[in-house]
2 protein chains.
Amino acid sequence: MVTTNALAEIASLIGEPARAAMLQALMDGRALTAGELSRVAAITPQTASGHLAQLAASGLIAVTAQGRHRYHRLAGPQVARLLESMMLVAVGRQIKPPRTGPRDEAMRRARTCYDHFAGRLGVGLAEAMMTQGWIEIGEEAAMLTSAGSDRLKQAGIPLPDIIRTPRRATPLCSLCLDWSERRPHIAGVLGAALCAHALAENWVRRQPGSRALEITPKGTRSFRDIFCIEA
Amino acid sequence: MVTTNALAEIASLIGEPARAAMLQALMDGRALTAGELSRVAAITPQTASGHLAQLAASGLIAVTAQGRHRYHRLAGPQVARLLESMMLVAVGRQIKPPRTGPRDEAMRRARTCYDHFAGRLGVGLAEAMMTQGWIEIGEEAAMLTSAGSDRLKQAGIPLPDIIRTPRRATPLCSLCLDWSERRPHIAGVLGAALCAHALAENWVRRQPGSRALEITPKGTRSFRDIFCIEA
DNA sequence: CAGATGTTACGGTCGGCACCGAACGATCAT
DNA sequence: ATGATCGTTCGGTGCCGACCGTAACATCTG
């Protein structure tokens, strides 16, 4: 076996509370500096730097130097997937849902999950697209129908070539079980395209220092007009 | 946030080499006794018992007592997914593939991945079914076509009702990136159905003390006749 | 150049936890 | 009952690693 030790190594890297907090902060897909991450984890910059060096050496995060800053981001979608499935297990484990503070409420309403939407917004979008026949949802995957492809194109939402070319149907959007809603939302290429477009068009705004999203009035209109949901 | 500490807790549980080895041994979906698991991890039964108690308390494994034995198994598919995605990250991390022993070779040839096939057999099946138009494979999901559904039914492979009813097409088989082959294989409901049928019909046999599978002569014939692959 | 900010390197302290030996329950066989 | 196997509990030892000083180095700004 190749992976008996490697598995434990990866897991123990994530298993340290400070490192876990930093990784979680990177779950929105953006790149943060070591200083920001040290504040997130509530440790001194030196300690954070050491942790980040370990994470980078193990390939969990990638680092790009820019001037006197060093930007850290998750190494790729697979790492985000790993963390997300971990949260799912962690949530399924607990008996009673603890207090839901206001900050928590914002997260449950709408947030990013690496490169796509999650929370009630993400789940609502998936459900709306399904009831209107734009996608078909199976147990573990979803598929964009040609009707859905047409409608999105018509709404001005750019889709990558792989999706756009309608060779029959395109099973390109994987599902991601939402840890707060316990229902699937749209991930994969389609999810990333939707999220990118919504951010570019200012339908949603990132909250500073959080993965939570604020839905703008323009976004509320767009989501209602295009997807027929009340966000 | 609900999960900052819970995340680290889960990860640190998996991060201990002995526990990781035991979890990995459970990846074939079967239930093992504490004694077997202690031998797998190369530790004394007492130590293993402590580890297993922790894993059970955290909901990563489930325990059923039977006589003087206590059988331990993974708590569910989500835990298996978590471990699988961890292996994927762990493999992608290493530069050069280390020595591949004979035991490793058997694993790469054919093995179970919780409830479906992996290794060259799993990847080959997925590819064969795609080239013959039974499934359509996207980037992160696959879809069973009506032709594929018919052909499998005709071959006597029982499919669950959800798949069998052909409401247009059924995007039910998720893809699972194979950590040894680095190419997708079929997971999900379809993958589980295939694997279960192959085990029941004695196409493959479990190797004792390993996730590796031995392909029987009958299996070789069946895989060639039905799927047109040389396993 | 000097100051500010951000990052890395080193040495020492301390807490947590994995491990084993030994002993105790539980269950099955004779 | 008695021995045998399987599993868990308890106490004690020892190691690994996270943490923070202090200090040096790199980069941008005034």
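Predicted model, so just to flag it, every value in this text is computed and none were measured. Values reported hereafter were calculated over all heavy atoms of this structure, with side chains retained and with hydrogens, waters and symmetry mates removed. Chain letters run A, B, ... following the sequence lines, proteins first and then strands; every chain starts at 1.
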Give a yes/no answer on whether the side chain of A:His51 brings an N or O atom under 4.0 Å of OP1 or OP2 in D:dC19. yes

How is A:Gln46 classified with respect to the nucleic acid when contacts are heavy atoms under 4.0 Å: base, sugar-phosphate, or nothing? base

Can you tell me how far the OG1 atom of A:Thr33 sits from the CZ atom of A:Arg70, to the nearest 0.5 Å? 11.5 Å

May I have the distance from A:Glu16 (atom CD) to D:dG17 (atom C1'), rounded to whole angstrom? 9 Å

Nearest 0.5 Å, what's the NE2-CE distance between A:His51 and A:Met22? 5.5 Å

What nucleic acid atoms does B:Glu36 come within less than 4.0 Å of, heavy atoms only: base, sugar-phosphate, or nothing? nothing

From CE of B:Met22 over to C1' of C:dA18, roughly how many Å is that when rounded to an integer? 11 Å

I need the NE2-C1' distance between A:His72 and C:dT7, as an integer number of Å. 9 Å

B:Gln66 CD to C:dA26 P, straight-line distance once rounded to whole Å: 19 Å

Hey, does the side chain of B:Thr47 come within less than 4.0 Å of C:dA18's phosphate (OP1/OP2), counting only N and O? no

Using OP1 and OP2 only, check whether a side-chain N or O of B:Arg68 sits under 4.0 Å from C:dA29. no

Would one find a side-chain N or O of B:Thr44 under 4.0 angstrom from OP1 or OP2 of C:dC20? yes

Whole Å only: how far is the NE2 atom of A:His69 from the P atom of C:dA4? 17 Å

In whole angstrom, what separates A:Leu37's CG from C:dT8's P? 12 Å

How many Å lie between CD1 on A:Ile43 and P on C:dG6, as a whole number? 16 Å

A:Leu55 CG to D:dG17 C1', in whole Å, measures 15 Å

Short N-O contact, A:Glu214 and A:Arg109, less than 4.0 angstrom: no

Over 60° means perpendicular and under 30° means parallel, so classify the ring planes of A:His116 and A:His185, tilted if in between. tilted

Is a side-chain N or O of A:Lys218 found less than 3.5 angstrom from the main chain of A:Val204, in a donor-acceptor match? no

Does D:dT8 have OP1 or OP2 sitting under 4.0 Å from an N or O in the side chain of B:Arg70? yes

Would you kindly compare B:Ala53 and A:Ala18 by the position of their nearest DNA chain D nucleotide and give the one closer to the 5′ end? B:Ala53

